[in-house]
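Below, chain A is the first sequence line, B the second, and so on; all start at residue 1. Predicted model only: the values in this text are computed from it and were never measured.
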2 protein chains.
Amino acid sequence: MGMSGTSGQLNPEWDVDRMGEKSSSDGTVGKALDVLDQVAEFGRPVRFSELLDGSPYPKATLYRLVQTLTNQRMLHFDPERGTYAPGFRLVRLAHAAWEQSSLAPIARPHLDALSARLGETVHLAQLDHGQVLYVDKRNAADPIEMFSQAGKVGPAYCTGVGKAMMAFLDGAALDQVLDRQSWHRFTDTTLTNRAALRAELGESRKRGYAFDREEHEPGIICVAVPILSGSGRVLGGLSVTTATNRKSLDDLARLAPELQATAASIADEAQNWRFPDEPSHTKISAAE
Amino acid sequence: MGMSGTSGQLNPEWDVDRMGEKSSSDGTVGKALDVLDQVAEFGRPVRFSELLDGSPYPKATLYRLVQTLTNQRMLHFDPERGTYAPGFRLVRLAHAAWEQSSLAPIARPHLDALSARLGETVHLAQLDHGQVLYVDKRNAADPIEMFSQAGKVGPAYCTGVGKAMMAFLDGAALDQVLDRQSWHRFTDTTLTNRAALRAELGESRKRGYAFDREEHEPGIICVAVPILSGSGRVLGGLSVTTATNRKSLDDLARLAPELQATAASIADEAQNWRFPDEPSHTKISAAE
DNA sequence: AAACCAAGTTTCATTATGTGAAACCACATG
DNA sequence: CATGTGGTTTCACATAATGAAACTTGGTTT
């Protein structure tokens, strides 16, 4: 409830806009992962035939892909129902992704502290493919672990963390993200076009933090700050969420300094952190 | 650091025991996923060259695989350090896996209740590839730092949930799991061979629940029960963990009935649950 | 029963894809 | 400026993926 939950408005069919861009461009592996995505997107275990119609691949090809994925435990086949669902191997791999990300493990104690001190819901998010990916979360009362809520994605254009992060992107990167927004109107305060959002992002940047004024869910508001690297790159976002019947936007605004301080320490640690036996780096081609 | 996989050693080589069995047998996709596993197993971001030595694949091939995976956002490349880590797409996919599994989402409220009532750490786990996969977790009111987390895997032969589940497997399935144990001696109560474990499993089965008597971590004990389907199939395991300085094994034993009751309701719900618009059987037709 | 249908599985000639030794590049270092 | 190391690209070649079509299985209708 408190959070998004809405992968909803995005209901992309197989081929919508992924033609030349990313998916099946690179070989068999791309196709297999494409299929994996499709199964995941169904939101429930699926039959082979359900996958088939709507799939760009012919029967035999799809069949082989699904077989391979099942073999590899990326998909799980339920023989009783004849359905496929994303497999557990993914969970193990995702755990590795989480642990190895430079942000989440480092931020963990900070979230604990913040959550304890404020007593409100705290989110840690990163931008992923134009969407907000919640990588960790603390509930007001009880701390919830990883995949219960974290792992979920939400829209960027109408959430606090999303806007906080976008506000600090430079032109090119920002455009990419803007291109991926769905601009669905969730509430009557939702900003539903680039111009409106751009203006808002400008203000947020000046201010140093962003609000969510019930733009995603009625009654839910939040303040969010970006987590910025020394060079100003956006590493992630941090937010405190509450309900309008508990706190006002002004109340939340007063929490901004504390959030920023936390964000700063996270960024700091993230940059200096070395994994146990990581070979000290020889500088590689600079990003630009 | 104890990653304690089945391999059990710090630097597991590529091809150790996965030759004929599973990995690269099925085509390019298999190889790509193999590489993905390797990156994950490193436990930290890796350089290309680090992957290369120890890889069965020649430079160019490995390079292409890594490129493809990065392209697909299954790997994330850090240009500053020149390293690869498991990518966020995995987290999204894993979330789908979690949500679609018949156990975890259903068990969630039960875990909440149990955790609130007992005030101790609660685990929900499933058997995956011979290991215990923790699919959800609630921390104790006063959390003890211990090594489990949702998404993490652990050994089956020396954990409460592991033993509770194994105790209710039939011959063939049990053997498969036993074959995958590493029998590493974590503490001096760890059971380090099949015979000892088999005896223990027998008792646990009779008793209806299993203990962990500091077999995995000193000072950490637990009771665990299996979650069994109507037909007796092992769906998962449920445990309460505590520290020896807080509770005794006898204290824990007294919680067993409550655990069993919870397990029973979870099993019950899991069996009857239908996803929203899951086709009951045969044809799906859908809109057309 | 026979005929039918839909989901799932296998075949096999064709072709696209992946392969990997070796060459190449870019940078750092002695 | 020679040498080394990590990373990237090439290209002739072999393998692996493709997909139309045929086949199997199991349930439903005539």
Side-chain angles (χ1 to χ4, degrees), chain A residues 14-15 20 23-36 38-39 42 45-72 74-85 278-288, chain B residues 14-15 23-36 38-39 42 45-72 74-85 278-286 288:
Chain A
W14 278 92
D15 43 5
S23 59
S24 42
S25 49
D26 36 16
T28 320
V29 176
K31 289 174 199 167
L33 294 176
D34 206 359
V35 170
L36 198 54
Q38 291 308 318
V39 176
F42 253 87
V46 270
R47 286 221 151 59
F48 173 72
S49 55
E50 295 182 274
L51 276 176
L52 183 58
D53 47 47
S55 163
Y57 309 116
K59 215 180 183 183
T61 300
L62 182 66
Y63 184 73
R64 247 177 303 105
L65 290 172
V66 166
Q67 286 290 88
T68 303
L69 287 169
T70 305
N71 227 15
Q72 294 290 327
M74 298 296 277
L75 286 180
H76 173 76
F77 180 68
D78 178 348
E80 314 235 329
R81 312 199 167 194
T83 57
Y84 297 90
E278 185 174 6
S280 51
H281 54 322
T282 30
K283 206 50 168 297
I284 212 74
S285 63
E288 189 279 354
Chain B
W14 279 88
D15 44 5
S23 59
S24 43
S25 46
D26 34 16
T28 320
V29 176
K31 289 175 199 166
L33 294 175
D34 205 358
V35 170
L36 198 53
Q38 291 309 318
V39 175
F42 253 88
V46 270
R47 286 219 144 60
F48 173 72
S49 56
E50 295 182 274
L51 276 176
L52 184 57
D53 46 49
S55 163
Y57 310 115
K59 214 179 184 186
T61 300
L62 183 65
Y63 184 71
R64 249 178 302 103
L65 290 172
V66 167
Q67 286 291 88
T68 303
L69 288 169
T70 305
N71 228 14
Q72 294 289 327
M74 298 296 278
L75 285 181
H76 173 77
F77 180 67
D78 177 348
E80 314 235 328
R81 313 201 168 188
T83 56
Y84 297 90
E278 185 174 7
S280 54
H281 228 180
T282 53
K283 202 188 182 271
I284 19 77
S285 70
E288 197 155 50

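Using a 4.5 Å heavy-atom threshold, the side chains of B/Leu33 and A/Val29 count as separate.
The nearest whole Å value for the distance from the CG atom in A/Asn71 to the P atom in C/dT9 is 13 Å. Distance, A/Leu52 CG to C/dG8 C1': 10 Å, rounded to whole Å. Atom CG in A/Asp34 sits about 12 Å away from atom P in D/dT18, given to the nearest Å. The nearest whole Å value for the distance from the CG atom in B/Asp53 to the C1' atom in D/dG6 is 11 Å. Rounded to whole Å, atom C1' of D/dG6 lies 18 Å from atom CZ of B/Arg81. The CG-P distance, from A/Leu65 to C/dG8, rounds to 16 Å in whole Å. Residue B/Tyr57 contributes atom OH, which lies 12 Å from atom P of D/dA16 at whole-angstrom precision. When the P atom of D/dG7 is taken as reference, atom CG of B/Leu62 falls 11 Å away, rounded to whole Å.
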Q.
Working note: A/Val35 + A/Tyr57, criterion side-chain contact (heavy atoms from CB on, under 4.5 Å); need CA distance, chi angles, decisive distance, verdict.
A. CA-CA 10 Å; A/Val35 170; A/Tyr57 309 116; 4.2 Å; yes

Q: Evaluate the side-chain contact (heavy atoms from CB on, under 4.5 Å) criterion for residues A/Val66 and A/Phe77: first the C-alpha distance (whole Å), next the side-chain angles of each, then the deciding distance (0.1 Å), finally the verdict.
A: CA-CA 10 Å; A/Val66 166; A/Phe77 180 68; over 6 Å; no

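Between B/Tyr63 and D/dT9 there is a side-chain N or O to OP1 or OP2 distance below 4.0 Å. For C/dA7, neither phosphate oxygen OP1 nor OP2 lies less than 4.0 angstrom from any side-chain nitrogen or oxygen of A/Arg47. Between D/dA17 and A/Thr61, no contact under 4.0 Å exists linking OP1 or OP2 to a side-chain N or O. Put simply, B/Thr28 has no side-chain N or O that comes within less than 4.0 Å of OP1 or OP2 on C/dT17.
Side-chain proximity of B/Tyr84 to the nucleotides D/dT8, C/dT17, D/dA20 is greatest for D/dT8.
The distance from the NE2 atom of B/His76 to the OG1 atom of B/Thr83 is 7.5 Å, given to the nearest 0.5 Å.
Each of B/Arg64 and B/Lys59 has a nearest nucleotide on DNA chain D; the 5'-most of these lies closest to B/Lys59.
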